[in-house]
Amino acid sequence: IKTYHGAFQKKKRQMNKLLIILSFATAYVLLSCSGNEEKPLPAVLATDTLATVYEYSVTDTFDSGETRRIRFYDKADTAMPKYEKRYYKNGSICMEGPLDSDNLRDGRWKAWYDCGKIWSVGDYSHGLRNGENNVYYVNGQVQYTKKYVNDTAEGIWTFYLEDGTEALKVIYEKGNVIEQVQLVSADSLRNLSR
């Protein structure tokens with residue numbers, strides 16, 4: 001009898017949770033469909049021309065309500081996003097790039113430091129890094145260049161000091177380090193990040 005009563009109580013709690021979720025979902029649908037008002041433009045899109053060319057949807061926000069991610073859609077096909085932008089809590093752009101039909105990164109993606117300086121630029125193909133990828137110091141100097149084939153390290157990766165001095169070369173073949181050539185003293189390499 002205890003087992004049956006415990007199972008019954010568990011089922012009852014599950015049903016109550018389901019009813020609460022359904023109530024919120026119903027309220028959301030009713031409120032969002034209650035008129036033909038135009039949705040307000042998120043502050044991060046105030047000067048963004050993509051918002052005038054594409055349909056958009058805020059797909060993620062910070063707990064405090066600021067926009068975290070927006071996806072853009074062709075006006076003729078709003079089922080499949082074409083482009084995505086992510087933001088820092090302060091409203092500055094974090095990263096952006098195109099998406100493929102499976103919502104995976106596809107094409108040139110860029111990322112920025114929260115101060116607005118470029119952080120990295122890299123190419124993707126169906127969600128996998130392919131081609132050259134450059135990462136920058138906040139002062140604008142290249143920190144390192146890397147190459148990928150289907151998300152696997154390949155070819156020569158070159159690392160630089162913050163003043164632009166070449167510091168290290170690492171040669172990869174199918175993700176494995178083949179050779180490493182140190183071009184500066186070990187002390188200079190301490191602040192180098194891979």
Side-chain angles (χ1 to χ4, degrees), residues 21 24-25 28-29 32-33 38-138 140-160 170-178 193-194:
I21 291 169
F24 278 110
Y28 175 77
V29 169
S32 64
C33 297
E38 201 169 298
K39 59 185 171 187
L41 187 68
V44 294
L45 293 181
T47 59
D48 194 324
T49 56
L50 281 179
T52 60
V53 178
Y54 293 100
E55 291 291 324
Y56 64 87
S57 174
V58 175
T59 59
D60 194 13
T61 59
F62 291 97
D63 289 340
S64 49
E66 293 91 354
T67 300
R68 180 180 282 174
R69 180 175 62 198
I70 295 178
R71 287 195 166 168
F72 295 87
Y73 305 80
D74 280 335
K75 291 188 179 203
D77 179 12
T78 58
M80 211 171 297
K82 301 292 183 191
Y83 203 81
E84 179 177 289
K85 288 189 174 192
R86 294 183 186 191
Y87 300 89
Y88 289 105
K89 195 171 184 177
N90 68 10
S92 62
I93 187 80
C94 175
M95 68 176 58
E96 69 175 327
L99 300 169
D100 68 10
S101 59
D102 291 323
N103 294 330
L104 298 172
R105 293 179 185 184
D106 197 56
R108 170 93 13 122
W109 273 71
K110 295 180 181 180
W112 289 265
Y113 290 100
D114 61 357
C115 64
K117 304 269 185 157
I118 193 76
W119 179 12
S120 70
V121 178
D123 294 317
Y124 288 80
S125 178
H126 199 62
L128 302 176
R129 290 175 288 187
N130 274 293
E132 191 166 285
N133 194 326
N134 294 318
V135 175
Y136 301 88
Y137 288 105
V138 74
Q141 289 287 340
V142 174
Q143 186 174 5
Y144 52 90
T145 61
K146 340 181 248 187
K147 293 181 176 101
Y148 291 97
V149 173
N150 294 325
D151 224 28
T152 302
E154 189 66 41
I156 300 172
W157 288 26
T158 306
F159 297 83
Y160 300 86
V170 181
I171 301 171
Y172 285 91
E173 187 176 293
K174 296 181 183 173
N176 299 309
V177 174
I178 301 302
S193 109
R194 286 190 220 179

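Counting begins at 1 with the first residue of the sequence. These numbers come from a predicted model, not from an experiment. Only this structure's heavy atoms are used, side chains among them; waters, hydrogens and symmetry mates stay out.
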Roughly how far, to the nearest 0.5 Å, is [atom2] of [Y] from [atom1] of [X]?
X      : Y      : atom1 : atom2 : result
Lys89  : Thr67  : NZ    : OG1   : 12.5 Å
Arg86  : Trp112 : CZ    : CH2   : 13.0 Å
Arg69  : Cys94  : CZ    : SG    : 11.5 Å
Tyr136 : Gln141 : OH    : CD    : 10.5 Å
Trp119 : Tyr137 : CH2   : OH    : 14.0 Å
His126 : Asn150 : NE2   : CG    : 11.0 Å

State whether the number of non-hydrogen atoms from other residues, nucleotides or ligands found under 6.0 Å of Asp63 atom CG is greater than 12.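 Open.
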Tell me the closest heavy-atom pair linking [X] and [Y], and the distance in Å.
X      : Y      : answer
Leu99  : Asp106 : C-CB, 4.2 Å
Pro98  : Arg108 : CD-O, 3.2 Å
Tyr56  : Ile70  : CB-CG2, 3.9 Å
Tyr160 : Val142 : CB-O, 3.2 Å
Ala111 : Ile118 : O-CD1, 3.4 Å
Asp114 : Ser92  : O-OG, 3.1 Å

side-chain contact (heavy atoms from CB on, under 4.5 Å) evaluation trace for Ile178 with Tyr172: CA-CA 6 Å; Ile178 301 302; Tyr172 285 91; over 6 Å; no
Do the rings of Tyr54 and Phe72 sit parallel, tilted or perpendicular, given the 30° and 60° boundaries?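 Judged by the thresholds at 30° and 60°, the geometry between Tyr54 and Phe72 is perpendicular.
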Looking at side-chain heavy atoms only, is the closest gap between Leu104 and Tyr124 below 4.5 Å?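 The answer is no, as the side chains (C-beta and beyond) never meet within the 4.5 Å cut-off.
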Side chain to side chain, Tyr148 and Asn133, heavy atoms closer than 4.5 Å: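 Yes; the side chains approach each other to less than 4.5 Å.
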Salt bridge (Lys or Arg N to Asp or Glu O under 4.0 Å), paired with Asp151, selected from Lys146, Arg129, Lys174: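 So, applying the salt bridge (Lys or Arg N to Asp or Glu O under 4.0 Å) to Asp151 and each of Lys146, Arg129, Lys174, only Arg129 qualifies.
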Please check: side-chain N/O of Asp48 versus main-chain N/O of Leu50, any donor-acceptor pairing under 3.5 Å?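 Yes, Asp48 side chain to Leu50 backbone: donor-acceptor pair under 3.5 Å.
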Heavy-atom donor-acceptor pair, Asn134 side chain to Ser120 backbone, under 3.5 Å: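 Here the side-chain-to-backbone pair does not exist.
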Kindly determine whether Tyr87 and Lys85 satisfy side-chain hydrogen bond (donor to acceptor under 3.5 Å, both in side chains), including the steps that lead there. CA-CA 7 Å; Tyr87 300 89; Lys85 288 189 174 192; 4.7 Å; no
CA sep, side-chain torsions, deciding dist, call: Trp157, Tyr144, ring-ring contact (aromatic ring centres under 6.0 Å, His included): CA-CA 7 Å; Trp157 288 26; Tyr144 52 90; 7.0 Å; no
Going through the checks in order, is the salt bridge (charged side-chain N to carboxylate O under 4.0 Å, His left out) test met by Arg71 and Glu84? CA-CA 4 Å; Arg71 287 195 166 168; Glu84 179 177 289; 2.6 Å; yes
